[in-house]
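Presented below is the structure to which this report refers.
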Amino acid sequence: MSKTTTDETPGGTDLRDQDQDLGAAGSQLSTAPEEEPPNLPSLGVIGWARWFWRQLTSMRVALLLLLLLSLGAIPGSLIPQTGIDETRVADFRERHETLAPIYDKLGLFNVYSSVWFSAIYLLLFVSLIGCIVPRTWQFVDQLRGRPPGAPRRLTRLPAHTTWRTGTAPEEVREAALALLKKRRFRAHVVGDAVAAEKGYLREAGNLVFHIALIVMLIAFGWGQLFKSEGNKLIVEGDGFSNTLPQYDDFKSGSLFDAGDLEPFSFTVKEFTGTYERSGPNKGTPRTYEAGLTYSEGAYGEEKKTTVKVNKPLEIGDAKVYLVSHGYAPVVTVRDGKGKIVFQDAVPLLPLDANVTSSGVVKVLDGYRNPEGEKEQLGFNAFFVPTFGGSATGTMLSQFPALDYPVLALSAYHGDLRADSGIPQSVYQMDKSKMKEFKDADGELFKKLLMPGETMKLPNGAGSVTFEKDVKEWAGFQVVQEPGGGWALGGAVAAIGGLAASLFIQRRRVWVRAVEGPDGVTVVEMAGLGRSESAKVPEELGDLAAILYDRAPGAPDPEDASPDTSDPTDPQAAPAEGAEQQ
């Protein structure tokens, strides 16, 4: 077998013609559009518009816009957003009086709805479409076409081999065609050679990746326009129906309609939370789960399920997540005559990891003071599930479980301004028209209560009992985002397409078999890939070895008979630069 390693041009063939021949052989290994430099002196309005469109739809601009979109999302993660947590935004404004106006002008408190983020988003969308459409048509044309014919000199390609064989050229070409098709090459005979190509999935993966990006952008935009997100705190034994008035807070996209809410309801039967009792992770939750009974629609069958952290209840497009937990001590308030004017579980909000909690108890109706006048009562409540004892001097919980519950109350009476028309939080108390109950020392009347204990209000104003029953509450977030499935599908397709474009090598192989001057068949094989890769020479060597077995090598003329030529004859000398092996 012999391997040619020279680039000589017998017969005075022009090197430029050969370079053009090789360029045609390697053409269309990619669907990337060829970029032409603009002819600046002749550019007019249409010319500049065409140039701008070409720049916008180029791959490098699409990648730049994708990078800008990623960088633009960073402030949305670091700076509190009005659409997610307005309380944190208000707190940020109070603490940063200089930065807040600047952030307002830049739209950093509402990044994903800002003009600049929307502009990047839309430009990226247009760029991807403008880039993908022409490449798709080019790829379709390549699939419908056939691999180009072999160059005139296969030995000029980076990977090549040649040998002589006694097998007829037609038989060699037939064997090569069958071999290449068996290896899943698209192959056909062109003149005296077989042309084959493989690796089309590389470009298909590239197109799938970019189409998946468009799907993700559409899904993201659709989800932002039609999404809804609401939170609801529910005490054990209470229920929830998926209607707007039922939510504690609710936000939605600009095109959302209340009729888009999935019809369902559920009841929280019990909440179970367990915690690490010892070790470095003491107090860390081990189990957080809520047992529910739910039904779909107005007359749906009642079903049981358990919602855990990161394992939501899915109903249609809606997902019900378990996001928080706390305690709701049961409090009973009586007036001076012993009549019950309030009895309910009062949810308190946790302040730390050990569920030290605070809130208020409001008695709005039914209470009369010792003089018989209508009044309202208010109590600041502070609760710890595991009290450290009076020796600690602080009301901080030592453990999140209900090991030693204690409730601290401080009492007020007057007008809670619940009818003022100004929305109030159920966890805060407006004291502007409230008066403190005073103890014997003239200080605010307050007391620590354990389950079952009662606090007597001064001057026969009534009493407050901390019942032995301490309920637990669970916080749920109901998310409805119609584009979520499409976004997930687009992400999976993008990963698959990117993997295909990175790991699949598109390459071409040619096999030429012609009869030499001495009547012996000369076989030439060569391969060409889109980029330099060790796979092309290795694959070519493997194919050549199999084909060599079917068309074994023939001895060279000087090996077949004694040398009787005149050594002074210049025509008897071997071709310069040909290496025998």
Side-chain angles (χ1 to χ4, degrees), residues 1-5 18 21-31 138-207 500-516 520-554 581:
M1 184 184 291
S2 64
K3 181 179 180 180
T4 304
T5 59
Q18 296 178 17
D21 187 36
L22 293 176
S27 65
Q28 295 183 346
L29 276 173
S30 170
T31 57
Q138 291 179 26
F139 182 61
V140 171
D141 289 340
Q142 291 181 26
L143 291 177
R144 296 172 60 186
R146 290 187 171 187
R152 286 193 295 271
R153 295 195 63 198
L154 291 176
T155 54
R156 294 202 62 195
L157 295 179
H160 62 270
T161 186
T162 180
W163 72 91
R164 293 157 50 88
T165 181
T167 309
E170 295 79 6
E171 296 179 8
V172 174
R173 289 194 288 268
E174 289 178 4
L177 183 64
L179 172 62
L180 291 169
K181 286 186 175 181
K182 185 177 180 181
R183 292 296 184 92
R184 298 190 299 277
F185 279 84
R186 295 178 59 202
H188 68 118
V189 178
V190 185
D192 58 0
V194 176
E197 187 169 0
K198 190 177 183 180
Y200 284 91
L201 286 179
R202 177 188 180 94
E203 290 302 324
N206 194 12
L207 292 174
S501 65
L502 291 177
F503 297 111
I504 295 177
Q505 175 73 22
R506 190 171 178 186
R507 62 270 192 200
R508 288 172 179 162
V509 173
W510 295 273
V511 181
R512 175 177 284 130
V514 296
E515 185 176 329
V520 178
T521 302
V522 177
V523 181
E524 293 180 335
M525 291 187 67
L528 181 65
R530 179 180 175 184
S531 59
E532 295 295 332
S533 171
K535 187 173 184 178
V536 174
E538 291 177 1
E539 187 174 38
L540 183 68
D542 183 37
L543 293 170
I546 297 174
L547 187 59
Y548 187 81
D549 291 339
R550 301 178 183 179
Q581 70 177 28

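Worth saying up front: this structure is predicted, and the values here are computed from it rather than measured. For the numbers below, each heavy atom of this structure counts, side chains included, while hydrogens, waters and symmetry mates do not.
Remark: Arg550 CZ to Thr167 OG1 distance equals 12.0 Å, nearest 0.5 Å. For the atom pair His160 NE2 and Arg512 CZ, the distance stands at 13.0 Å (nearest 0.5 Å). Taking CG of Leu179 as the reference point, atom CG of Leu547 lies at 6.5 Å (rounded to 0.5 Å).
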What do the steps show when you test Arg186 against Lys198 for side chain to side chain contact (heavy atoms under 4.5 Å, CB included), and what is the final call? CA-CA 6 Å; Arg186 295 178 59 202; Lys198 190 177 183 180; over 6 Å; no
May I have the step-by-step check of side chain to side chain contact (heavy atoms under 4.5 Å, CB included) for Leu540 and Lys535, ending in yes or no? CA-CA 8 Å; Leu540 183 68; Lys535 187 173 184 178; over 6 Å; no
I would like to know whether Val190 and Arg146 meet side chain to side chain contact (heavy atoms under 4.5 Å, CB included); could you show each step before the answer? CA-CA 10 Å; Val190 185; Arg146 290 187 171 187; over 6 Å; no
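Ion pairing between a basic and an acidic side chain is recognised when a charged N comes within 4.0 Å of a carboxylate O; Arg173 and Asp192 show no such pairing.
Residues Ala544 and Trp163 share a closest heavy-atom pair of O-CH2, 4.1 Å. Pairing each heavy atom of Leu154 with each of Ala526, the nearest pair is O-CB, 3.6 Å. Of all non-hydrogen atoms in Gly527 and Val536, the two that sit nearest each other are C-CG1, 3.8 Å. Taking each heavy atom of Ala551 and Val172 in turn, the nearest pair found is CB-CG2, 3.9 Å. Shown here for Ala195 and Gly149, the closest heavy-atom pair between the two residues is CB-CA, 4.5 Å.
A side-chain donor-acceptor contact under 3.5 Å links Arg507 to the backbone of Gln505. Judged by distance alone, the side chain of Arg164 and the main-chain N or O of Val522 form no donor-acceptor pair under 3.5 Å.
Under the rule for a side-chain contact (heavy atoms from CB on, under 4.5 Å), the partners of Ala554 that lie at least two apart in sequence or sit in another chain are Val520.
The closest side-chain heavy-atom distance from Val523 to Thr165 is below 4.5 Å. Side chains of Thr521 and Pro169 form a contact here, defined as non-hydrogen atoms less than 4.5 Å apart. Under the 4.5 Å side-chain criterion, counting only non-hydrogen atoms from C-beta, Leu528 is in contact with Trp510. At a threshold of 4.5 Å between non-hydrogen side-chain atoms, the residues Leu543 and Met525 count as touching. Contact of the Pro151 side chain with the Arg156 side chain is not registered, since no non-hydrogen atoms from C-beta on lie closer than 4.5 Å. Contact check for Ser501 versus Glu203: no side-chain heavy atoms found under the 4.5 Å cut-off.
Counting only N and O atoms by type, the side chains of Tyr200 and Glu197 include a donor and acceptor under 3.5 Å apart.
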